[in-house]
Amino acid sequence: MRILSAQVDGFGVWSGLKLENLNDRIAVFYGPNEAGKTTLLQFVRTMLYGFSHDRAHRYLPPLRGGQPGGTLHVAAGAAGRFAISRHRIQKGGEHEELRIVAADGVLQPDYVLGGLLGGIDEATFKHVFALGLGEMQELGTLGDSAASEFLYQLSTGLNGVTLAEVLRELAASRERTVSSDKNACKLGDLLGRRETLQHDVDELRSQVHRQAAIAHELAELETTVAVCETDRENLELAARAVEAAVTVREPWRRRAELTREIAELPPVAAVSPGTLERLDVLNEALQGRRRRIAELVRARRTVRDEMRALDFNARLARHAPRIEALVEQATWLGTLETQVEQLTAEITSLEHQLAEHRRELGLNGKQTHDQGPARKAIVGRLRPAARGLAKSEARAKTAHDEQAASDRQAQKLAEQIRAALRDGSDHDLAPALERAGNLVAQLRRRVHLDERLGQLARHESELADQGRLLLDRQLLPAWVLVALGSVFVFGVVLVLANMFLPSSLVGTAGWMLATIGALGAIGAAGGKFLLDRSATNQLEACQKQAAILASQVKQAKEEREAIDAQLPRGGGPLLVRLQTAEKELAALEELLGVDSQRKAALAAAEAAAARVAAADRDSREARRRWEQALSSAGLSKNLTPKQARQFAGRHGKLAELARQHEERWSELQDRQRDLDALSGRIKQVFHDIEAHPSARRASEQLHELRQKLAAHEVVATKRAALEQRAARLRRQQTRLTTAVRRGEQRRQQLLHEAHAAGEADLRVRAAEHDRRLALVARRDALSRDIATGLAGRLSEDELRVWLEGPECERLEARWDELARQIDAATDRLHVLHEQRGRLEQEAISLADDRRMATRLVELGAVDQQVREAVERWRVLTVTECLLDSVRRTYESERQPEALKEASKHLARLTDGRYTRIWTPLGERALRVDDGEGNSLPVEVLSRGTREQLFLSLRLALVDVYGRRGVELPLVLDDVLVNFDARRAQAAATVLREFADAGHQVLVFTCHEHLAQLFRNLRVSVHALPANDDSGAITVAYPRKADSTEEPQGDRYEVAAAWQPEEDGGDVVEVIDEVPEEEPTAGAKPKRPRKGRRKKPRPAAEHRPAVDDDVEPGRPHRVSVVRGKPLQNPFADTSWHEPVDDDMDDAALVAEDEPLFEVDDRDETWPDDDGPRWSGSDDWHPGDDGHEAA
Amino acid sequence: MSRRRLRFVHSSDWHLECPLVGLTEVPDLLKPVFADAPYRAAERIVGTALAEQADFMILSGDILDIELAGPHGVSFLLRQFARLAERQIAVYWAGGRVDRPERWPAALNLPGNVYRFSSRRPEDFLFPSADAPLARLTGLSRPRGGKLRAADFWPDPDSLPTIVAAHGRIDRAALAGRNINYWALGGKHRRTTLLDGPQPAHYPGTPQGRGPADLGAHGCTLVEIDEQGRVEMRNAASDVVRWCHRRATVHETTTGESLEQMLADQLRELRSTSPDLDLLVVWSVAGAGPVVSELRRGELAETLLARLRRRFGHDRPVAWSAAIELEPEAAVPPAWSQQDSLLGDFLRALPQFDGEGTNDPADLSGPLELLVGQTPRGQQLDRLLRLSDPANRRRMLQKAAALGASLLTSEDKP
C-alpha cells in the first residue's frame, strides 16, 4: 500500500490541508520545528488505525476548526486505489466513522482496510514501519547490555522492548503471586490467613459437643429438681394439715356440743313442711269462689231480658241459605242479561252482511251452511289442472330461452369467424385455410428457389472461373515449356554429340550420355503431351458441368416464374410475405377451435327447438285440461287460474259469514235458557218468604232479596251474641260450684294426712318441730366453717387424727418443725434452679454465638481469593510460556532471514567496515563481524554504529514483511540527525536504494542539511506549508520534477549548521535541545531539555543562509491553494498517478533549489498556540514502546 | 389408595453450615446476610409447610453439618421442628453426606414429630390418620460411601401411596417400574427432576444459592398426591439472596457513563421485580467499541463496580454488583487472530494447545517443580496449582488469550 495523497480536514494544528502527488518511492518532508510534522505522522496513523484515546485527547478538537479527521488516498497494487476517510462524529454520542471508497466510487466494507494493511496491527506498524528520533535517543540512553538486548529483540522481529517488558512483567506478576520470598508471596499469605481461619473453625467445632453436654446436664438436673420438689410438696402438705387443725379446733368442739343437744330433744311427729301454709290457702280460696257465684246469677238474669226485647224473622232466617246462593249468581245473572242483548245485535248485523254478499255473488235464495265444503271441492278440482298448466308454460319458456341462448352463441362465434375472415377473399374457414396453406407452400417453394438459384449462380460463377483457369492452362506456362524444352534440347544435343563428335573427345561415356540425352528428350516430349491432355480433359469436364448447371438454372427460373404468376403481386420481400402468410395460416388454424364451438352451439340450438315444440304441445294439452276443470266447476272457460283463485276466495268468505251467524244464534238460545232458569228461582224465594218483589228485571229482584237478608242478619247477630254470653255465664257458675265442693274435700284430706284432730292441734305440733330444725342448722353452719378452714387441704377423717388424738395439744410445735424442713427444701431447690439457669444461659449463649458463621464467611472470601490467585498464576504462567514460545519461533524462523538482509544494509551503511550480523548458537545476543573477520559483541560498538545497526535491522524487517506480501510505507522521523556526514550520506543513499527496491519511504526532517542531502541524491523534498489561521491549504506536489526551487529561506527556521567529524570516527552528535513540541490539546509545551553535547554546535552566523540559494523570480512547481476544504474525497481529487521515479534524470533535479513556495502571508511560525496543546514536534516511537509495555 | 389428598413439602440440602461464597471481599453490610441466608431460606420453607397446611415434610439429607453449623444451627433446627410440631406436622428426615443419624448427639433430643431413617437399611413409617394409615414413607439415610439402589425400596403391599426419601445418586433406568409414587431425593443443589411422569423422582435442590454458579431462584417442592395416586409438583421459592447474571451489549457510541446508566437501569428493574430479595449480580459485557477497550484494561470495570456498589449496595435489599466481565468475543475479537503480528501469532498459537501435548504451555509441571523446592509451602502450592480438569484448562487458555491481547495491544497509545 502506498500513500498517494492526504487530506486533513481537521487534526491538531492542521485544518483543510491537502497534500497531493506524493512520491510513491521516497518523499522527504521538510519543515522546521512546530511545522506540524508529528501531527501529520499521527494523522497518517489515525487514518490507518483510528482515533485512539490518547490521540483523540491530544489532537482533537482541531486547533483551527474543521471536521475532525480526513482522508488518505492510497494505491494497493493490483487491488487498485482507495480513499480511506475517517472522521470523528458527535451525532448520537461521540464515535468515529470509517469510509473506504474504491476508485469506482463503491463503498467498501471496513475489513478491506485490514487487507490493505496486510494484517499489520498498530503495534507492529509502530515497531517495524515507523522509526523516529525518540527511538534513536532511547537506544542511546540504554546501557550496553540493554542496548544489546534491545537490538537482539529487534532482530527477531518482535516488538523490541515491548515483548521483553511484557515477559518481565508477566514473570514479576507470577512471582508476586507465588514466590520463594515468604513476605512477597501473595498466595502464601492467603494460605496463611486461611490456616488461621481454619484453626478458628476447628476450635469452634467443639461447641456443639459442649451444647450436647449441657443438654445432658440439664436433663439430670431436671430429675433432681423434680425429686426435691416432691419432697417439699409432701412437707408442705403436712404443714398445711397441722395449720388447718389449729384453725378449726374451736368450731370442731362447738359442733360436738350441738350434736349432743339435738340428740337430747324429745321425739315429735313431724309436720310436713308447708302444711299450715296450704291450709291457709284453701280457706281463702273457698271464700272467694262463693262470692263469684252470686255475681254470675245476677248477670244471667239480665241477658235473658235483652233477648226477649229483639225482633227476629224466623222464615227469612230459614231461607237465608237459598238467598245467599242466589246472591252468588248475581254477577252471572247480569252477564247473561248483557250477552243476550249483544248476541241479539250481532245476529242482526250478520244477517245484513249475508244478504249483501249473496247479492254480490249473484246467489239467490236462502243459503245453506254447506257452502264451505263446496268451495274446497272447486279448489281441489281446479288445482291439478292449474299446476299442470303452469308447469307446461314454464317448460316452454325455458326451452325458448335455451334456444335463444344457443342461437346467440352460434351467431356470436360465426361473427367472430367472419371478423377473422373479413380481410380475406373467402367467407368460409375451410377454403380460407386451404388457400392460406397453398400460399405458404408456394412462398416457401419460391424462397427455396431463390436460394437454389443463388447457389446455382455461385456454382456457375465458380465453374466459369474454373473454366477460365483451365482455359488458361491449355497453354503451358513459359517456365514449364522452357524447362521441358531445355531438357529436350539438352537430350538431343547429347545424342547428337555422341553421334557426331569424335570418340576421343567423348570417350567411353559417349553412349551413356547419348542414352541419357535420348531419355531426357523423350521424357520432355512425353511430359508436354501428358500436361496438354490433362488440361484438355479438365476443361471439358468443367464445360459439361457448366452446361448441366445452366439447365438447372433455367429449370429453376421457369418454376420461379410459374410460382410468381400464381402468387399475388405486391406484399414486399418474399421472406416478409412468407412470415405474413405463416402468421395468417396460424391465425386461421386457431379459428378451427372457434368454428367447432360454433357448430356445437348450432347443434344445441336445434335440440332446444325440438324441446320448444314439445313444450308447446304440452302447454296446449294443459290448457285443454284447465278448461275442462272450469266447466266441471261451473265456472267460465275464460277464467285464468288467478281469476279462479280470486273467486274461490270470495266464496269462502260468504260461507264464513253464514257459519258465524249460525254460531251466534245457537249461543243466544243457550244464554236465554239460563236466564229464564235463574228468574224462576228468584220468584220462588219471594213466594216462600211470603213477600212480593217490587222490580221487574230478575237482577233487580235479586238485589231486593239481598237487602232484606242483610237487615235480618244484623238482628240475628245480636241475638247470637246474647245467647253465647248466657251460655258462658252458665258454664262459669257450674265450674265455681264444682270448685267449692272440691276445696272442702281437700281441707279435710289435709288435716287427715297430718293426723290432726283439728286445725288447732296441727298448729301446736308445727311450732315444736321448728325449734329442732334451728339446732340442726347451727350444727351444719359449724360444719361448713370447718370445711372452709380446711380449704380442701385434707379431709375430716385426716383431721380427726390431729384433733381427737394425743397430738391435739402439741399442734403448734409440730407446725414449727415442718416449717423448718420446708425452708431447707426450698433452699436446695433454689440452688438447683440457679444451676439450671446457668446451664440454660450457657446454652443460649452458645446458640447465639455466630463466630462460626463469621469465620466461615471470611474463609469463603479467602478461598475465593486463593482460587483467583491460583487461576491468575496459571494464566500468567501459560501466557508467559506461550509468548516465550512465540519468541522462540520468531528467533528460529524470522531472525536468520532478517539478519541476512540487515547484514547487507549494514555493509552499505558502514562502507564495508562491518559486513555481517549474526547470533551464536544457543545465545540470545547479536554479534557483528568487521571487514577483517573480527567478531564483536554489540556492547563494544559505538553509539553511531549501534544506530546504523538499528537502522539496518529496521530496513531488514521491512524487507522481510515485504517478501511476505506486506507493503506499508516506511516512515522515518529525523533518524539521521545523529549521524556524521559520512554516515548520513551512506544512510541517505541506502534509503534511496531501499526505495528503489520497491518500498515507499516517507522521511520527515526539520534539518535543512539533511533535506539538502536528499536533494543531492535527486530525491524530491517537500516543504510543509504554514499551519496558520489563513484557511484551507492544498499542496500539489509535482508529478514530474522538471525543475526545483529552494523555498524562501527567510520564512523558515534553518537547521543548525552541521559539520561532519573530520576524522570520520564514531562521534555522537547530540543536539542541544529536543525539537520543540508543536501545540497539542490538553498539555502545555514542554520545556526544552538539555542534552549531552560532545561538540558545541556552530554559531548561528556560521549557518549557511538559505536565501543565498534562492533564485527569485523562478517559477515554482508546487501550487499552494488556500480556500475552503472540499468534503467529498473524490469530488476534486484526481487520481494522481504515482510519481515516476525519474530523479535519475539530472536535468530534472536541480540541487539546492526550493521545491515550493509558501504564501507570503506566512511570515512566521506560531510559537505558542495556547495552553491546551502540548507534545513533541517529533514522533517518538520508542516512547510508545514504553507506554505499550 | 389413600382416602384423601396428601400434601407435603419436599426439601433437601439446606446446608445450614455453609454461608454464601463467591466474593473475594465481603463488605460488612453483606457479612450477616451471607451468614444468615441459609437460615432465613430454611425458615421460609417451614413457613411454606405451615401456610400450605402440609401433612408432613420430607427432608432428603444434608440439612446441616452439626459441627460446622454449631449450637446456633442445632437450636435453629430444633426451633423449626417445634414450629411444625405445634401444628402436628411430621418431619421425615433421611440423612445425607453431612447429617447421618449417628452424628446427631444423643443428648440433643429431637421432638416427637421428627422421624429419622436409618443408614443401615431402608426403614418404613406409616403416615397415620384417624382411622387408617394414609401413606407409607420408606427411606434410607446415606450409607457410608454407598450408592442408592432402587431395588432396596418396595411399594406398600396394601397399595398405600409409597414415598421414598433418600440422599444420593441413583440409576434413573432402575427407577422405572418400581411402582413408587414419589422419589424424594436429595444431594443435588440444582433443582432436577430425574424421572418425570406419573411417578416422578425429584431433587428439589438447595433452598439458597451459595455462589455465582447457583444462578436464579432456589426453593423447595410442594407435592400433592391425589386419591388416585397421581402426583403434582409445585415449586416454592425460598431464597433470600439471589445470584443473577445480566448481559449488556455496547457499541461504538457507548461511553462509560452510558454503560453505567445501562447497568443501573437493569439493577433498578431487578430490584423492582424482586423487591424482597438481596441480589448479587454478575455482569457480562458484549459488543465492541471504546468502552470495551477500557474494560479490557480493567480500570473502567473497577470504577463501574465502585459506582454501582455505592449507588445500589448500601440500602436493603442490596443489589450488589459482584463482577463485570467481558465476553470472550469482546475480550479477544476473532479478527485479531488474523493479524500478521505478534498478537496474531500468539492468538493463533493458543488453540493448538487446547489438548495434551509435549510443548503444552498449560503443562505447569516445570514451574511447579521449581516451586516445590523453593517456596515454603511448596507441596501445598503444588497441589493447588496443578491442573487436571479439561474445562479449567480451556477456561484458563481463554483467560490467557485475553491477558495476552491486553498486553500486546497498544491501540490507545500514540
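Residue numbers start from 1 in every chain, and the chains themselves are labelled A, B, ... in the order their sequence lines are given, proteins ahead of strands. Both backbone and side-chain heavy atoms feed into the values below; hydrogens, waters and symmetry mates do not.
- In terms of non-hydrogen atom pairs under 4.5 Å with chain B, the most contact-rich of Ser206(A), Ala853(A), Ala847(A) is Ala847(A).
- Contact annotation for Val201(A): only side-chain heavy atoms (C-beta onward) come within less than 4.5 Å of a heavy atom of chain B.
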Check against side chain to side chain contact (heavy atoms under 4.5 Å, CB included), Thr877(A) and Met396(B): CA-CA 10 Å; Thr877(A) 306; Met396(B) 188 259 303; over 6 Å; no
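- Distance CG/Leu20(B) to CG/Leu856(A): 12.0 Å, rounded to 0.5 Å.
- Considering only heavy atoms from C-beta on, His72(B) stays 4.5 Å or farther from Asp849(A) through its side chain.
- In the displayed structure, His216(A) atom NE2 is contacted under 6.0 Å by at most 12 heavy atoms of other residues, nucleotides or ligands.
- To the nearest 0.5 Å, atoms CD (Glu252(B)) and CD (Glu97(A)) are separated by 11.5 Å.
- The shortest side-chain heavy-atom distance between Glu880(A) and Leu403(B) does not fall under the 4.5 Å cut-off.
- Contact annotation: the side chain of Leu23(B) never approaches that of Gln864(A) to less than 4.5 Å [non-hydrogen atoms, C-beta and beyond].
- Rounded to the nearest 0.5 Å, atoms CG (Asp863(A)) and OG1 (Thr24(B)) are 12.0 Å apart.
- Interface residue Ile66(B): backbone and side-chain heavy atoms are both found under 4.5 Å from chain A.
- Of the listed residues (Gly70(B), Gly404(B), Gly22(B), Pro105(B)), the one with the most heavy-atom contacts under 4.5 Å to chain A is Gly22(B).
- Ranked by heavy-atom pairs under 4.5 Å with chain A, the list Val21(B), Leu108(B), Val26(B) is led by Leu108(B).
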Gln865(A) and Glu25(B): side-chain hydrogen bond (donor to acceptor under 3.5 Å, both in side chains), yes or no, with the steps? CA-CA 8 Å; Gln865(A) 292 177 32; Glu25(B) 295 291 339; 3.1 Å; yes
Starting from the C-alpha separation in whole Å, work towards a yes-or-no answer on side chain to side chain contact (heavy atoms under 4.5 Å, CB included) for Arg874(A) and Lys399(B). CA-CA 10 Å; Arg874(A) 287 176 185 152; Lys399(B) 288 191 174 181; over 6 Å; no
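- The heavy-atom pair separating Ala107(B) from Ala215(A) by the smallest distance is O-CB, 3.5 Å.
- Of the atoms belonging to Arg872(A), it is side-chain heavy atoms, and not backbone ones, that fall under 4.5 Å from chain B.
- The contact between Pro71(B) and chain A is made by backbone and side chain atoms together, counting heavy-atom distances below 4.5 Å.
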Before you tell me yes or no, could you show the steps for Ser75(B) and Gln211(A) under side chain to side chain contact (heavy atoms under 4.5 Å, CB included), namely the whole-Å CA-CA distance, both residues' side-chain angles and the distance that decides it to 0.1 Å? CA-CA 10 Å; Ser75(B) 301; Gln211(A) 186 188 27; 3.2 Å; yes
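- In this structure, no portion of Ala219(A) lies under 4.5 Å from any heavy atom of chain B.
- No cation-pi contact links Arg850(A) to Phe34(B), judged by a cut-off of 6.0 Å to the six-membered ring centre and 45° from its axis.
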What do the steps show when you test Leu407(B) against Leu170(A) for side chain to side chain contact (heavy atoms under 4.5 Å, CB included), and what is the final call? CA-CA 9 Å; Leu407(B) 290 172; Leu170(A) 285 172; 3.6 Å; yes
